[in-house]
Amino acid sequence: MNGLRNLLKYKSIVKEAFDKTFLVGKLFCVLHVTNTYICSPALGHGPSMLPTLKLTGDWILSEKISIRLGKVHNGDIVTARSPENPKKIVVKRIMGMEGDTVTYIVDPKNSEKCRTITVPKGHVWIQGDNIYSSNDSRHFGSIPYGLVEGKVFFRIWPVDGFGSLGQEV
């Protein structure tokens, strides 16, 4: 009889532990779905997006729904997988969608030589805002639309830059 009473004491503790564990599991599921399909944070650092993003790094939010619906346009800042290193995420601005004609300076540091290309079907042309220090489509060509992961819409850090990142070309 004593053993049954002890078991009943632990039943409420086990039930509470199970409930809390289930709640934490649901939280992780919601975070995973949000990060994968809706919105995710990213760190944009380096000189390629100066002056829009700071050299030391800005924490930004990118939403993923516009990409799935095809609602990105020239001038939008996006996050994309690097075609040179798939483990790396780059932050660049879309300068041309499929079928667009893009004229760019081949080597802005050393010459004024320009080249014009037409963006192929299913691809986008991405460039950093700082043409003097950006590894972008001028180096590796247009990228498949499937590599674009999110449309940047908000800067969350540093505090002095907190706010919306609108479309600026």
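Quick caveat, the model's predicted, so the values are computed rather than measured.
Side chain of Asn74 to main chain of Gly96: a donor-acceptor pair is present (N/O by atom type, distance under 3.5 Å, no hydrogens or angles). A donor-acceptor pair under 3.5 Å links the side-chain atoms of Glu98 to the main chain of Gly122, judged by distance alone. Judged purely by atom type and a 3.5 angstrom limit, Asn110 has no side-chain atom pairing as donor or acceptor with the backbone of Asp107. Using a distance-only test at 3.5 Å, with no hydrogens or angles considered, no donor-acceptor pair links the side chain of Glu16 to the main chain of Asp19.
Among the candidates His139, Lys92, Arg93, the single residue satisfying the side chain to side chain donor-acceptor pair (under 3.5 Å) test with Ser134 is Lys92.
Annotation: salt bridge (Lys or Arg N to Asp or Glu O under 4.0 Å) contacts involving residues 109-121, sequence neighbours excluded, are absent. Sorted by first then second residue, the ring pair (Phe, Tyr, Trp, His ring centres under 6.0 Å) pairs that include residues 88-131, not counting sequence neighbours, are Tyr104-Trp125.
With sequence neighbours left out, the side-chain contact (heavy atoms from CB on, under 4.5 Å) criterion links Pro108 to Ile105, Ile131, Tyr132, Arg138. Partners of Pro41 under the side-chain contact (heavy atoms from CB on, under 4.5 Å) rule, at least two apart in sequence or in another chain, are Asn35, Trp59, Leu61. Scored by the side-chain contact (heavy atoms from CB on, under 4.5 Å) test, Glu84 finds Ser82, Asn135, Phe140 as partners (sequence neighbours excluded). Every ring-ring contact (aromatic ring centres under 6.0 Å, His included) that Phe162 has, sequence neighbours left out, goes to Phe154.
Distance CZ/Arg68 to NZ/Lys151: 15.0 Å, rounded to 0.5 Å. With rounding to the nearest 0.5 angstrom, the CG atom of Asp58 is 5.0 Å from the CG atom of Leu53. Going from atom CG of Leu43 over to atom CD1 of Ile60 covers 8.0 Å, rounded to the nearest 0.5 Å. Distance OG1/Thr36 to CG/Leu31: 10.0 Å, rounded to 0.5 Å. Between the NZ atom of Lys71 and the CD atom of Glu63 there is a distance of 11.5 Å, given to the nearest 0.5 Å.
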Evaluate the side-chain contact (heavy atoms from CB on, under 4.5 Å) criterion for residues Val119 and Val102: first the C-alpha distance (whole Å), next the side-chain angles of each, then the deciding distance (0.1 Å), finally the verdict. CA-CA 7 Å; Val119 180; Val102 177; 3.8 Å; yes
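Cluster membership for Ile67 and Met97, using ILVMFWY side-chain heavy atoms within less than 4.5 angstrom, is shared.
Ser142 and Ser137 share no donor-acceptor pair across their side chains, judged by distance under 3.5 Å alone. At a cut-off of 3.5 Å, with distance as the only test, a side-chain donor of Asp129 or Thr52 sits close to an acceptor on the other residue.
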